[in-house]
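Numbers restart at 1 for each chain; the letters A, B, ... are given by sequence-line order, proteins then strands. Since the structure is predicted, the reported quantities are computational estimates derived from the model, not experimental observations.
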There are 2 protein chains.
Amino acid sequence: MPRDGQLTRERLLEAAERLVERNGFAATSVDAILEESGSSKGAFFHHFANKRALAHALVERYVDADLSLLRAGLDAVEAEPDPVQKLLAFLGFYENWSGDLTSESACLYIAVVTERDLLDDQTGGQVERAILGWRAAVAELFRKAYAARGLTHGPDPDDLADQLFVVFEGSYLVCRALGSGEPMRAQLRVYRQLVESLLSD
Amino acid sequence: MPRDGQLTRERLLEAAERLVERNGFAATSVDAILEESGSSKGAFFHHFANKRALAHALVERYVDADLSLLRAGLDAVEAEPDPVQKLLAFLGFYENWSGDLTSESACLYIAVVTERDLLDDQTGGQVERAILGWRAAVAELFRKAYAARGLTHGPDPDDLADQLFVVFEGSYLVCRALGSGEPMRAQLRVYRQLVESLLSD
DNA sequence: TCGGTATCAGACTGTTCAGTCTGTTGTATC
DNA sequence: GATACAACAGACTGAACAGTCTGATACCGA
């Protein structure tokens, strides 16, 4: 029966991600993951030394996907020559992306950060990698837009960049609380409008 | 030994809040709460029908405190006659407040929203009460500032108000992830600067 | 064809968990 | 001082949990 171990591992990760995003890590039992993925205990502990090792793999995988989403946004606006328009189009990309979100959508970062004893060097470092990845890329867009507008003062580009990440995460939370994907769209739009106002002074 | 039951109940709630904010609800055992509060099983289940009832009491208590913080901000700027300055001073109040935050600071909303099967009518309704409370009050400040500036278009005041809540929550998450209270201060400052820019057009 | 190894399947184990139950103690009331 | 009851204390229970262990089964190189 064993054929492609990587496929089984992937199925386990997918099932785990669904359940952890839904209920958090501690509330997600290994047995529940097995049922969701149609796998067995033997398979699980063959691929992961323990539950924590699953968390590590889960977060690393999620950060990779998240940074791919960042790159997708950057790629989508690469051709735009004007730095200000480029930044605004970049933000518009995610407004557009957020159209797919439902009330079921959730972010793994929230689950990871909720449980402090899960936030070890491994998982903590991965989440940090995501935050710093977004910061570096988006701050660069802000710096070039600042330069194009001849702005010498104003909010720190790094902080402005972090604000986008913060809006993503805060919106995920509000979406869950209000049972709708709409707040994400509204909040990304507001952030873009605020940035637009800042750069039009 | 039994004297003031309310005091014991309060000690249980305080201990539970510390632990739940630290590790989430599912990862916080009743036994851990008993140890943290120096109480007993008998005491716990005398005051709470079950663990879920504790969650309900915990969230209601937290929302009350959160809305008190909102009122504190409103009260602090009540004397300011100019609507724009009032709004900016209001936001400044929380920048100031955020100075007390450490890397240990956390928000119960994140823990509640993380675990979907904890988000029933009871807890969900309480978190909604908090969001709508902030939205109503802050949107009102925005509407008056808009009127004072003669602004007829721009971001929706409700969405602008939600953005403050979103920035709070997203910043809590980033603070936890980066192990510092600094991002909260930086993000509240950026939000205030963006609003300032919007209202100075 | 035959060992070797990766890939599982699932019974089993020790621990931890939420919740129960029995009994005790302070304290107010008459 | 007897009664009544709220406020515990803590031993106990059944279920759920993470993790172990013994095999079984496919596939691969020699």
Side-chain angles (χ1 to χ4, degrees), chain A residues 1-59 111-112 114-120 122-123, chain B residues 1-59 111-112 114-120 122-123:
Chain A
M1 203 162 301
R3 268 262 291 288
D4 188 356
Q6 286 308 307
L7 199 134
T8 303
R9 187 185 140 97
E10 197 58 28
R11 272 213 316 269
L12 284 166
L13 284 169
E14 276 168 19
E17 185 173 322
R18 274 194 299 275
L19 294 176
V20 170
E21 283 182 0
R22 183 175 182 84
N23 274 323
F25 190 73
T28 299
S29 69
V30 171
D31 285 334
I33 296 169
L34 301 183
E35 195 178 358
E36 174 87 2
S37 69
S39 214
S40 73
K41 223 121 208 214
F44 184 94
F45 286 100
H46 172 75
H47 287 288
F48 305 102
N50 46 44
K51 205 187 166 192
R52 174 164 290 250
L54 167 77
H56 293 159
L58 212 54
V59 175
V112 170
T114 295
E115 300 176 35
R116 197 147 175 74
D117 56 3
L118 188 65
L119 203 67
D120 54 14
Q122 192 76 350
T123 54
Chain B
M1 203 163 299
R3 267 262 291 289
D4 188 357
Q6 286 309 307
L7 198 135
T8 302
R9 188 185 140 96
E10 197 58 29
R11 272 213 315 269
L12 284 166
L13 284 168
E14 277 169 17
E17 184 173 322
R18 273 194 300 275
L19 293 176
V20 171
E21 283 181 359
R22 185 176 181 84
N23 274 326
F25 190 72
T28 300
S29 68
V30 172
D31 285 333
I33 296 170
L34 301 183
E35 194 178 359
E36 174 87 1
S37 69
S39 215
S40 74
K41 242 175 189 164
F44 184 93
F45 286 99
H46 173 74
H47 288 288
F48 305 101
N50 46 44
K51 204 188 168 192
R52 176 165 288 250
L54 167 77
H56 293 160
L58 212 54
V59 175
V112 170
T114 296
E115 299 176 34
R116 198 150 174 71
D117 56 2
L118 188 65
L119 203 66
D120 55 14
Q122 191 77 347
T123 54

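- One can place CZ of A:Phe44 at 12 Å from P of D:dT20, the figure rounded to the nearest angstrom.
- Between C:dC8 and A:Ser39, no contact under 4.0 Å exists linking OP1 or OP2 to a side-chain N or O.
- By the 4.0 Å N-to-carboxylate-O rule, B:Asp117 lies too far from A:Arg22 to be salt-bridged with it.
- No donor-acceptor pair closer than 3.5 Å links the side chain of B:Asn23 to the backbone N or O of B:Thr28.
- In this model, the phosphate group of C:dA6 is not approached by any side-chain N or O of A:His47 to a distance below 4.0 Å at OP1 or OP2.
- Taking atom CZ of B:Phe45 as the reference point, atom C1' of D:dC12 lies 13 Å away to the nearest angstrom.
- Distance, A:Asn50 CG to D:dC21 P: 14 Å, rounded to whole Å.
- A sub-4.0 Å separation between OP1 or OP2 of D:dC17 and a side-chain N or O of A:Ser29 is present.
- B:Lys51 has its NZ atom 8 Å from the P atom of C:dG19, to the nearest Å.
- Side-chain N/O atoms of A:Lys41 and base N/O atoms of D:dG19 include a donor-acceptor pair closer than 3.5 Å.
- Look at A:His46 and you won't find any side-chain N or O under 4.0 angstrom from OP1 or OP2 of C:dC8.
- Atom CD of B:Glu35 sits in a sparse spot, with 12 or fewer heavy atoms from other residues, nucleotides or ligands closer than 6.0 Å.
- Distance, A:Leu34 CG to C:dA11 C1': 14 Å, rounded to whole Å.
- Spacing between atom CD1 of B:Ile33 and atom P of C:dA18 amounts to 8 Å, rounded to whole angstrom units.
- In this structure, the CD atom of A:Glu35 is 15 Å from the C1' atom of C:dG10, given to the nearest Å.
- Geometrically, A:Lys51 does not engage A:Phe44 in a cation-pi contact, judged by NZ or CZ lying under 6.0 Å from the ring centre and within 45° of the ring axis.
- Spacing between atom CG of B:Asp4 and atom P of C:dA28 amounts to 11 Å, rounded to whole angstrom units.
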